[in-house]
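All values reported here derive from a predicted model rather than from experimental measurement. Worth knowing before you read on, the calculation uses all heavy atoms, side chains too, and leaves out hydrogens, waters and symmetry mates.
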Amino acid sequence: MIQTKRVAIYCRVSTADQSCERQERELKEYAARAGWEIVGIYKETASGTKNDRAKRKEVLALAQARKLDVILVTEMTRFGRSTQDLMEQLQKLMSVNVSLIAQTGFTFDLSNPQGRLIASIMASLAEFERDVIAERVKSGLANAKAKGVKLGRQSGDNVVQDKVEARVIAMIAEGLSYRATAEKLGISPTTVLKIMKRHKTQTAKPEAARELVAA
């Protein structure tokens, strides 16, 4: 007798104005065609780069508890933040013999030798990719230092000024006062003053150079 597979459906969208409705509908239809038992449907809104995914953690906990056989997603990018992250999750699933199956794209059916082999190869490639990137970063930093480039934020730099500089310059150009600009942007008039002083200094240099050329 063939045992019915227990499946958890995982849906994710990146922003609040998107909906998991289409993913949920298509995955429920997929599970029905396969004759699988749906033990839970998990939906969340989270950026593809963020690790704070409460619903994914719930699905993984269910897998660790051996209460399901398959995690079903529309595509692998819905589940993994990156190749490395996807491989890390696959290794966890392999230890409990839970498969990650996508409606489209790659399917990691870890219940058979072929699926486990593909997952192992992908894990090795992800590790190689991570090592190559790390080596390139180290090489780039060493090369920059050799050329005398100062790395990191230098003393005197101001994060707030950098963020609002373009807007401050535009608002002042439109005729707003320093104080009105500061109030609209939620910053101090002193910050506006510093931004405009720096801007005038930077624009004055090209003008002075042109005057010397003309003379």
Partners meeting side-chain hydrogen bond (donor to acceptor under 3.5 Å, both in side chains) with Ser177 (sequence neighbours left out): none

Test item: Gln103 and Leu27 side chains (from C-beta on) under 4.5 Å apart, heavy atoms: yes

Beyond-backbone contact of Tyr30 with Val7, side-chain heavy atoms, under 4.5 angstrom: no

Whether Gln18 side chain and Thr15 backbone form a donor-acceptor pair below 3.5 Å: yes

Residue pair Glu24 / Lys28, side-chain heavy-atom distance below 4.5 Å: yes

Residue pair Val39 / Lys67, side-chain heavy-atom distance below 4.5 Å: no

Residue from Val164, Thr181, Ile172 passing side-chain contact (heavy atoms from CB on, under 4.5 Å) with Ile195: Val164

Lys43 side chain reached by Lys55 side chain, heavy atoms, under 4.5 Å: no

Row check, Phe79 ring normal vs Arg56 NZ/CZ: under 6.0 Å, within 45°: yes

Close side-chain approach of Val73 and Arg12, heavy atoms under 4.5 Å: no

Any Asn97 side-chain heavy atom under 4.5 Å of Asp69 side chain: no

Residues that Glu44 engages under salt bridge (charged side-chain N to carboxylate O under 4.0 Å, His left out), provided they are two or more places apart: none

Test item: Arg167 and Leu185 side chains (from C-beta on) under 4.5 Å apart, heavy atoms: yes

